There are 4 protein chains.
Amino acid sequence: MSSEYRLKRRVQFYETDTAGIVHFSWFFRYMEEAEHALWRENGLSIAPVNSEIGWPRVAATFDYHKPLHFEDEFEVVIRVAAITDKTIRYACAITQNDKKIATGTLTIACVSKRDQPMKSISIPPDIAARFQVAADEWQQ
Amino acid sequence: MSSEYRLKRRVQFYETDTAGIVHFSWFFRYMEEAEHALWRENGLSIAPVNSEIGWPRVAATFDYHKPLHFEDEFEVVIRVAAITDKTIRYACAITQNDKKIATGTLTIACVSKRDQPMKSISIPPDIAARFQVAADEWQQ
Amino acid sequence: MSSEYRLKRRVQFYETDTAGIVHFSWFFRYMEEAEHALWRENGLSIAPVNSEIGWPRVAATFDYHKPLHFEDEFEVVIRVAAITDKTIRYACAITQNDKKIATGTLTIACVSKRDQPMKSISIPPDIAARFQVAADEWQQ
Amino acid sequence: MSSEYRLKRRVQFYETDTAGIVHFSWFFRYMEEAEHALWRENGLSIAPVNSEIGWPRVAATFDYHKPLHFEDEFEVVIRVAAITDKTIRYACAITQNDKKIATGTLTIACVSKRDQPMKSISIPPDIAARFQVAADEWQQ
């Protein structure tokens with residue numbers, strides 16, 4: 001049972017743009033990569049084949065402090081910031097050599113995929129039991 | 001001089017994910033497409049060749065209400081929500097047949113590219129003069 | 001019944017890379033955008049909801065002649081080059097003001113999604129009847 | 001001096017599409033990731049800051065044999081297939097547990113970035129010396 005995951009990553013060429021830096025949309029993908037790695041570390045997949053539940057994103061934010069460039073090595077830390085009956089909220093920090101690059105948040109909701117449109121449901125207890133809220137959250 | 005742009009768009013296959021909906025990272029790209037179209041409508045490019053200034057994103061958010069699917073037609077409306085000496089803030093609404101899909105915000109800063117690292121500078125008057133704050137901003 | 005589609009398009013910022021040009025992987029997406037627009041023009045969706053058949057790509061190529069840059073306007077022309085019992089092959093040309101930017105090919109196969117792994121099947125007659133091979137294919 | 005690189009990789013959620021498999025355009029990015037890792041292993045960056053030369057892609061192909069799904073682990077092997085005065089050609093194989101997923105090729109050209117439009121030039125000897133053609137290339 002883990003409340004945090006640290007992902008080491010390198011900037012790929014296709015993640016950069018004509019301004020010579022990582023396009024801002026990529027930070028949301030970096031955050032999600034770390035989220036899914038956290039789930040795997042907790043023995044779960046966020047999207048198992050034929051699962052009857054899903055985890056759509058309901059809110060996402062990033063504040064950008066410094067740019068990343070091609071081939072830069074960086075770290076993505078994601079922490080569980082809050083768990084409610086139907087949602088999980090994460091806080092994320094992207095750093096490079098302990099320098100703060102960007103900070104983000106992500107809120108996901110548990111939904112039943114049997115219903116169309118998707119309907120929000122309580123997080124199954126066996127999943128909720130795998131996560132705990134991180135003791136200290138970053139100030140943002 | 002325009003404070004708003006409406007972009008009509010259709011969901012492309014590569015924008016969807018294995019959950020069958022548009023990946024949440026794409027909404028940030030939709031918002032930026034509309035932003036750059038607004039600049040063009042105001043007679044500007046946000047990234048002219050050899051420009052000495054740039055417009056990195058300093059904050060971006062989205063709240064997601066309903067999903068979009070392959071081939072869905074939708075509309076992206078972006079409005080200038082605030083202009084300061086060095087930044088522009090936009091509000092964005094993504095709708096499908098007047099149904100609210102998602103709402104976002106984007107703040108960009110004006111920087112000098114001659115300095116490394118990039119340094120925040122005042123928005124040049126001839127650019128600031130092309131934008132005005134929208135009269136009514138959506139409640140979010 | 002149409003054997004060709006012409007798509008007008010503008011380069012988006014997130015499609016460019018740190019070399020200042022459109023990343024080569026995007027040309028495959030441009031080609032697919034035009035393919036799906038051709039299907040729509042022929043009254044079809046290549047991926048209807050709950051369809052029992054699918055159209056995975058079995059081969060794709062591009063030759064690159066000139067680069068595209070941010071905000072460039074260009075045209076994507078896709079043509080049906082060949083139809084067999086189980087496959088469709090397209091030829092694609094990307095041009096800018098009649099200047100040749102890139103030329104590509106794409107071969108797709110019809111598969112049954114009821115079988116796992118996917119199994120190649122004959123193209124349903126009502127779909128095959130909507131396409132015809134273009135009279136003239138570009139020399140490549 | 002290395003003529004081959006093996007990259008281990010896992011499918012990310014944003015690389016999949018609504019068909020439930022990795023979108024075909026991603027294989028070109030996987031191939032490029034492995035290419036750039038090969039350059040780093042040989043002590044080089046393919047895009048150093050302020051470099052006067054660049055390496056645009058002039059041709060790229062993929063043949064797809066089996067699909068990849070979310071969280072699949074796979075391997076990308078890239079080999080130098082040929083070196084000419086001005087170009088490098090690679091062959092690439094993507095495998096999953098020794099099962100062939102896809103095979104690709106990539107040809108890049110050396111260009112001077114001081115000239116606009118970019119002009120093809122001879123590969124600098126200190127770069128050419130870092131690569132050698134792989135002894136055995138896959139049959140494709």
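Proteins come first, then strands; the chains are lettered A, B, ... in the order of their sequence lines, and each starts at number 1. It should be emphasised that the depicted structure is a prediction, and the values quoted were computed from it without experimental measurement.
Among all heavy-atom pairs drawn from B:Gln12 and C:Glu33, the shortest one is OE1-CG, 3.1 Å.
More than 12 heavy atoms of other residues, nucleotides or ligands sit less than 6.0 Å from atom NZ of B:Lys113.
With a 4.5 Å cut-off on side-chain heavy atoms, B:Arg40 and C:Arg10 count as touching. Contact of the B:Val49 side chain with the C:Phe70 side chain is not registered, since no non-hydrogen atoms from C-beta on lie closer than 4.5 Å.
Within the 6.0 Å centre-distance limit, the rings of B:Trp26 and C:Tyr14 are counted as a close aromatic pair.
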